[in-house]
Amino acid sequence: MGLEVGMGALVWLLIPLLAAIGAGVWGSWATRTRRVRGDGPELDGYARFRAAMEKPHSRT
């Protein structure tokens with residue numbers, strides 16, 4: 001009976017260990033460095049938006 005109790009305790013200790021390892025992997029993935037695109041695409045989109053808003057609208 002002593003072996004079952006010891007194995008049960010080991011299993012219960014493995015659960016938080018695996019959770020901590022999973023949290024570490026997720027944390028390293030979430031904070032990875034990403035390539036910076038710069039402001040080019042955003043500024044191009046804003047310029048197209050401004051040009052569209054400055055056009056005279058015709059009423060139909």
Side-chain angles (χ1 to χ4, degrees):
M1 179 153 170
L3 183 60
E4 292 90 14
V5 173
M7 292 301 286
L10 182 61
V11 169
W12 278 107
L13 289 174
L14 283 176
I15 293 171
L17 177 66
L18 293 175
I21 292 171
V25 168
W26 179 83
S28 64
W29 177 79
T31 59
R32 68 191 187 281
T33 55
R34 298 180 180 137
R35 261 189 301 163
V36 177
R37 293 188 311 178
D39 290 335
E42 288 83 7
L43 291 177
D44 292 339
Y46 180 66
R48 288 193 305 271
F49 172 77
R50 282 187 43 199
M53 289 294 113
E54 289 173 358
K55 288 183 183 177
H57 297 287
S58 63
R59 294 182 181 220
T60 57

side-chain contact (heavy atoms from CB on, under 4.5 Å) against Arg48, all qualifying residues, sequence neighbours excluded
Asp44
Can you list, by chain and residue number, the hydrophobic cluster partners of Leu43 when the side-chain cut-off is 4.5 Å?
none
Taking only distance into account, with no hydrogens and no angle test, what donor-acceptor pairs under 3.5 Å do side-chain atoms of residues 14-32 form with protein atoms, sequence neighbours excluded?
{"from": "Ser28", "atom 1": "OG", "to": "Gly24", "atom 2": "O", "distance (Å)": "3.3"}
{"from": "Ser28", "atom 1": "OG", "to": "Val25", "atom 2": "O", "distance (Å)": "2.9"}
{"from": "Thr31", "atom 1": "OG1", "to": "Gly27", "atom 2": "O", "distance (Å)": "2.9"}
{"from": "Arg32", "atom 1": "NH1", "to": "Trp29", "atom 2": "O", "distance (Å)": "2.8"}

